[in-house]
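One-based numbering along the sequence shown. Just so you know, ligand 1 is whichever comes first in the structure, and atom 1 is the first atom listed for that ligand. Worth saying up front: this structure is predicted, and the values here are computed from it rather than measured.
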Amino acid sequence: MNERAFAPLPADIDLPAVEREILARWKAADVFRRSLERTADGPRWGFFEGPPTANGKPGAHHVEARVFKDLFPRFKTMKGHHVERRAGWDCHGLPVELAVEKELGFTKKQDIEAYGIAEFNARCRESALRNVADFAAMTERMGYWVDLDNAYLTMAPSYVESVWWSLKQIFDKGLLVEDHRVTPYCPRDETPLSDHEVAQGYQDDVDPSVTVRFPLTSGPWAGANLLAWTTTPWTLPSNTAVAVHPEATYVLAELDGERIVTAEPLLPEKAQPLERLSGRELAGSTYQRPLDLVPLSSFGDDAFTVLTADYVTTDSGTGIVHLSPAFGAEDLAVAREHGLPVVNPIGVDGHFLAEVPLVGGRFFRDANESVIAELEARGLLAAHEPYPHSYPHCWRCGTALIYYALPSWFIRTTAIKDRLVAENEATDWHPAHIKHGRYGAWLNNNVDWALSRNRFWGTPLPIWRCAEDHLTCVGSLRELSTVAGQDLKDLDPHRPFVDKISFPCPDCGGEARRVPQVVDVWYDSGSMPFAQWGAPHRDVEQFEASYPAQYICEGIDQTRGWFYSMMTVGTLVFDKSSYETVLCLGLILDAEGRKMSKHLGNILDPFELFDRYGADAVRWLMLAGGSPWVDRRVGDDALSEIVRKVLLTYWNAASFLLRYADLAGWRPGRPVTERHVLDRWLLAELHGVVADVDAALEDFDSAGAGRRLAAFIDDLSNWYIRRSRRRFWQAEPSAMATLLETLDVLTRLLAPFVPFVTDYLWQHLHADADSVHLASWPSAADLPDDPALVAQMRQVRDLVELGRSTRAANKIRTRQPLARAMVHAPGFAEIGPDLRQQIAEELNVRTVEPMTTDLVKVTVKPNFRVLGKRFGPRMRRLAQAIAAAGAPVDGTLTVTLDGETITLGGDDLVLTEQPRAGWAVTTVNGTSVALDLELDEELTQSGLARDAVRLVQDTRKGMGLAIADRIRLWWTSDRPEVAAALRTHRELLADEVLAVEVAEGTGDGDPVSFAELGLTVWLAPV
Ligand SMILES: [Zn+2]
Ligand SMILES: [Zn+2]
């Protein structure tokens, strides 16, 4: 390091301008690509980009995920790993369709069919990528290195073909099946939703809860009223039966002259029980249905009968359940068992069919009111209360979901539940509690994946069916060409084009047509590990080399979204989850802790933040502002503080070095062991920082790493540089070498967090250097390990703090030198003269010595409250013994009482400390610092001279003089002791204020007066 070139830093610090300059350099020098080339032979460290949907504008939460997606790949790349990073865009699905529907002013699905699927999908294709340019601009501006030029698109034909291939694997295993099931269904979008979609859309609602009379018409309790409880009165028109638990006890009781029936534990308190029967004995009784809005002919023989079902509980309600098989999975199962028809008076749009009296044309939930009024009118309403609960809504359009019987396609994930649980066990979750908490619970309650969507813009389900119900699943366009007997390699595999392809059924020769559905968009994104390459039809090696990924990262809301679909598709198709480690991120909140929303108008524009504070500040806030999975507040105060405390403090340290290196010229330092104690300490401290930051990042703990780095930056600036200033003024080579070596390592540690300012300073600290992002991660082994020195410096700084508070408590001004400080502290004897010198300078005392004499008079008294209980009547004599025993040693006292040796300490004694006259003493946790308060003439004069130095320095600053500018100085004082002090300390004054001449008397120009010292000075630049 003998030859060293530095580039001077600009005087004005403009971090956003620095970032723009660095962006241009990265582009010109192709730094990202070269960082990949540099590690081409290194071990692979796989990362998968979860594709965002680019039909909306990018927001702060996109920045958050991208910061974390950037940090760890940069870190691993510096450590020599090869980390491919390919961008991707999620193109299909309801979000895109909804946006286009809105643009076209559509309100229902029929509008799309009337408009034409081809035209509609063409608009979706355009909309899906409409904001890719904004996303790309944000990605670049924030310094997220990902290959945007070769981004994968989930709508690309090769991608769709890969998805088809994977579905065929699942189909061939018998795990992709059609079933008539009650599924959560969005009536606005007219499509079923999967359970993981439902999980994302719960809202707090208030529904009516009603208890309804079902008058029994036959059976042992004919004439009594069964009471059934429901929170969905709108299902009562389609009631077909009621269910009781076969083993539960039911009671016939009298209440206010009415004969009622409920389960025994749920009988109202005031009711008088008359008879008891088991559910089994009650079964077979018939009742009169409460509402007869749907014609009787649609019901089977068992209709309006009491049935038994094991799922009925006696925990809540009445223990009697009303069944409407079209709207409940359990109801449907019971209905099937008893051969009851599924009566559904509600159309696919969620509205009652027009011909239904009373509620015809109403949206299902809006029918509640009329139903309740009708029950009331018929005398069938036993109770009616509001019922607040959490109800699922469509995660995209916000419409209340309905549980609705519909034929749809399922992946039988329940069949591979054990494999999913095993893959989850092998997954490294951050935070760890997700594994068995949120995600594990989710897996344990796994239900089959409702895969099909009755929609338009999505990956078409590649299943063709003939009139005989033979199914053909197609895994590629090539396969489709073969079965269809025509070249379809270039077919757009979307609707409506693929719908037009039919072929003779391989089983019966009848015409096979594609089923109408498309697949859940979450299946698309869960297929990205192979589909991004078009594997296995194309680039199989690329896929195989990258599967599974070591690392993925998204918002914690993806636990039941992308994290689930990635693990499930991987396990279904390859019997292996597609990722090893997953990092879940918390929400980004505004400065007041509120979610950002259009409604509140508190959405932050990332570009504005980058322009105001710089992307580095935003990155640091997200990475180091708290645990990744905790919600974080983004606001001006937090960002300004990061700029000031972290980025500018780091910048100023580098700037300090460059300024003095520039002034003095660069010379190499001595070997570390021969350097100043502050130099040796700084490098030893840095050793620990490198080890800790490396360990934290290996554990995906960006906040822990950030805290350690911020603390070190503070130590560097507010201890090392501040304490070493004088050595830099003197251009001491070891000081400069130490600071340079430290900045070199620190810059590399910070580079993955704040890639801009680090690269800028790196290239100033090494004028001929390439980007810091092509440098290697530092190794703790290259730095001296000296835990003893680190601990001693910690103690030195604690003693300085203690001494300062002693000064402050005794109102002794900082610039007044004192003769000595005395210290009592464990291990102080080992603290050498060089470190004692640090304490002396910081405390402005001439010497620091171990405490030899007792400067504190300790008086000891027994604690009667404690000792009284133990010694009872002997207490008085014990108190005498304590009084006679003298001072305690290290807080303990040994006395003899009745020939017995008693050791007292802690709560036994009340110690009172009184410093000797002329001393100020502070003691904390067994450590004491004492200051000698006696001032002789020499100390007094020295203090006054230093006060004068400070005032002249302020004047220099006020005149706008540069640090190295020399002056001439004249002074007069009407206080004799001040004049004497300045005469005595003429040299000190001259040195400190860089005066080539100091003269007593009136000078040229404007005088500056300081009343507190009776001092007037004249300064003239040389
Ligand atoms: Zn919807
Ligand atoms: Zn067939």
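Relative ring orientation between W522 and W395 is described as tilted, the plane-to-plane angle lying within the 30° to 60° band. Relative orientation of the F120 and F106 rings is parallel, given thresholds of 30° and 60° on the angle between their planes. Taking the six-membered ring where the residue is Trp, W457 and H494 present parallel rings, their angle staying beneath 30° rather than reaching 60°.
Among heteroatoms of the N, O or S kind in D189, OD2 lies nearest the Zn ion (ligand 1). Closest to the Zn ion (ligand 2) among the N, O or S atoms of H470 is ND1.
The SG atom of C505 and the SG atom of C508 subtend an angle of 110° at the Zn ion (ligand 2), given to the nearest 10 degrees. For the pair SG of C186 and SG of C394, the angle whose vertex sits at the Zn ion (ligand 1) is 120° to 10 degrees.
A salt bridge does not link R453 to E97: none of the charged side-chain nitrogens sits closer than 4.0 Å to a carboxylate oxygen.
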